[in-house]
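Have a look at the structure below before the remarks.
Fair warning: this is a prediction, and the values are worked out from it, not measured in the lab.
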Amino acid sequence: MAPLFSNRSAAEKTSHTASSVAAVKSAEPQDAVVVSALRKTFGDFVAVDSIDLNVKRGEIFGFLGPNGSGKTTTIRMLCGTIAPTSGSARVMGYDIATQPEKVRGQIGYMSQKFSLFSDLTVEENLRFYGGIYGLEPERFAERREYILTMANLRGRENERTSNLSVGWKQRLALGCATIHEPRVLFLDEPTSGVDPNARRQFWELLYELARNGVTLFVTTHYMDEATHCNRLAFMYRGKIIAEGTPAKIKEQHGSENILGVRGADSQRVLEFLESRLDLHEVYVAGATVHAVASEGVSGAAVLSAEALRQVLVTEGFSAAQVFAVEPTLEDVFVHLVSRERERAE
């Protein structure tokens, strides 16, 4: 163990530390994550199908897709916990297949289950993770103070983690995942089951990390959260089906004429609209039913807001309100998944 004190002055230490940090940062690769033809199979099942990705340093990168699309398997490979079947990937310049220990020294990981020990106290969880990452006592004390303040847990150090609210557990888990100040942080559905206010506070913490140069690789089911990301990749059945900034993805894949219907029984409206042959996609978005015209079918008249309202009124939905909808990322995602399903069929 290195000594906690030395004969160098505080000014010398500060100068040396600043120079060392600057040297390390200048030596770091511009891309935090580089993925080339990465593939993972389990027997005959293809979980990840030859994907390519580049994630820049300090970027908030969103990784979206339904359950079973391959997101978690991809993250497990990038974290060095499972080996790829073929292809390659580097995290902060280290090869995930040949240098997994080096990779693990550069990253932090947080899952939706928070990776906390419920029967341990807040203090004990922090000390456990500090020990896992080999923090010296002086450094641990600094990180402990920061995390207790960040997580708003000061005064709760001796409380069992199982007694904490979900929001507090979430912030404590973030603190444990970043106690060693990783360069890349993988977050796998970190806000699942968390209330909207806690989600907002959590994203403020993520923004702070990004401002400090940490690269964030985030999977999420919440499309509103995806708009917080610098860039996104949509994954479906092991393949990346769209990639770019949120604005670029909406521009490229959100050109459909979408009408929203609300003010009537959503389930009955959905069932009625699903029976129409001139509609390509019909789905529920919050309290609204969205309808998109079939591709290659001239349905402009049918899908004008007034025309569709008249059809609904005739069918007994007199309270229905119909209006044009600006495509959101959720609309784009539904469209992309529907298109891929049709291709597979």
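- Between the E157 side chain and the G155 main chain, a donor and an acceptor come within less than 3.5 Å of each other.
- A salt bridge between E101 and R104 is present, with a side-chain N of the basic residue lying under 4.0 Å from a carboxylate O of the acidic one.
- Using modelled atom types, no side-chain atom of Q170 and backbone atom of F202 make a donor-acceptor pair closer than 3.5 Å.
- Judged purely by distance below 3.5 Å, without hydrogens or angles, the side chains of H290 and E281 never pair a donor atom with an acceptor atom.
- Ion pairing between R211 and E208 fails under the 4.0 Å rule for side-chain N and carboxylate O.
- The side-chain heavy atoms of R90 and V33, taken from C-beta on, include no pair separated by under 4.5 Å.
- Using modelled atom types, one side-chain atom of T219 and one backbone atom of E189 make a donor-acceptor pair closer than 3.5 Å.
- In this structure, SG in C229 is found 7.0 Å from CG in L64, a value given to the nearest 0.5 Å.
- Neither side chain, D188 nor S111, offers a donor N or O lying under 3.5 Å from an acceptor on the other.
- Side-chain atoms of T73 never come within 3.5 Å of backbone atoms of G70 as a donor-acceptor pair (strictly under, hydrogens ignored).
- A continuous path of hydrophobic side-chain contacts links L153 to V166 [ILVMFWY only; heavy atoms under 4.5 Å].
- A continuous path of ILVMFWY side-chain contacts below 4.5 Å connects Y146 to L205, so both sit in one hydrophobic cluster.
- A 4.5 Å side-chain heavy-atom check between M77 and V48 finds at least one atom pair inside the cut-off.
- How far CG of L216 is from CG of L187: 6.0 Å, rounded to the nearest 0.5 Å.
- For Y109 and F186, the distance between ring centers is not under 6.0 angstrom.
- Between M235 and T74 there is a side-chain heavy-atom pair separated by less than 4.5 Å.
- Under a cut-off of 6.0 angstrom, the local environment of CZ in R76 is sparse, with at most 12 non-hydrogen atoms contributed by other residues, nucleotides or ligands.
- Nearest heavy-atom pair across P246 and A226 is CG-O, 3.9 Å.
- Under the 4.5 Å side-chain contact rule for hydrophobic residues, V46 and I240 do not share a cluster.
- Looking only at side-chain heavy atoms (C-beta outward), V325 and L259 stay at 4.5 Å or farther from each other.
- Going from atom CZ of R156 over to atom CG of L172 covers 12.0 Å, rounded to the nearest 0.5 Å.
- Cluster membership check: V311 shares its hydrophobic cluster with V289, using side-chain heavy-atom separations under 4.5 Å among Ile, Leu, Val, Met, Phe, Trp and Tyr.
- With T41 contributing its side chain and D44 its backbone, the two residues share no donor-acceptor pair below 3.5 Å.
- At least one test fails for K239 against the ring of Y236: distance under 6.0 Å to the centre or angle within 45° of the axis.
- Residues V282 and L270 are in side-chain contact: their nearest non-hydrogen atoms beyond the backbone lie under 4.5 Å apart.
- Judged by distance alone, the side chain of E124 and the main-chain N or O of L120 form no donor-acceptor pair under 3.5 Å.
- No side-chain donor-acceptor contact under 3.5 Å links D31 to the backbone of V34.
- Side-chain atoms of R262 do not come within 3.5 Å of backbone N or O of T288 as any donor-acceptor pair.
- How far CG of L209 is from CG of L185: 6.5 Å, rounded to the nearest 0.5 Å.
- Residues N197 and R200 have side chains that bring a donor and an acceptor to within less than 3.5 angstrom of each other.
- A donor-acceptor pair under 3.5 Å links the side-chain atoms of D331 to the main chain of T328, judged by distance alone.
- In this structure, H180 contributes its side chain and I107 its backbone to a donor-acceptor pair below 3.5 Å.
- Side-chain contact between F117 and D119 is present, with heavy atoms from C-beta onward closer than 4.5 Å.
- One finds the OG1 atom of T215 at 10.0 Å from the CD1 atom of I60 (value rounded to the nearest 0.5 Å).
- Look at E59 and K56 and you find no salt bridge, because none of the NZ, NE, NH1 or NH2 atoms lies under 4.0 Å from a carboxylate O.
- Ring geometry for F333 against F234 counts as perpendicular: the plane angle is over 60°, on a 0 to 90° scale with 30° as the lower cut.
- Inter-residue side-chain proximity for D95 and V103 is flagged as unmet; no heavy-atom pair is nearer than 4.5 Å.
- Put simply, CG on L116 and OH on Y129 are 6.0 Å apart, with the number rounded to the nearest 0.5 Å.
- Salt bridge R39/D49: present, at least one basic N to carboxylate O contact under 4.0 Å.
- With salt bridges taken as basic N to acidic carboxylate O contacts below 4.0 Å, none links E243 and K248.
- When every heavy atom of I179 is checked against every heavy atom of L135, the shortest pair comes out as O-CD2, 3.6 Å.
- Using a 4.0 Å cut-off between charged side-chain N and carboxylate O, K250 and E326 make no salt bridge.
- More than 12 heavy atoms of other residues, nucleotides or ligands shown are found within 6.0 angstrom of CZ on R231.
- For the pair A233 and L53, the tightest heavy-atom approach, listed with the atom from each and the gap, is CB-CD2, 4.1 Å.
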Would you check, one step at a time, whether the test salt bridge (charged side-chain N to carboxylate O under 4.0 Å, His left out) holds for E306 with R309? CA-CA 5 Å; E306 180 57 27; R309 191 189 71 80; 3.2 Å; yes
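- With hydrophobic clusters built from ILVMFWY side chains whose heavy atoms lie under 4.5 angstrom apart, V214 shares a cluster with Y207.
- No donor-acceptor contact under 3.5 angstrom links the side chains of S118 and R160, judged on distance only.
- Side-chain contact check for F323 versus V261: every heavy-atom pair is 4.5 Å or farther apart.
- With 3.5 Å as the limit, one finds a donor-acceptor pair spanning the side chains of T220 and E225.
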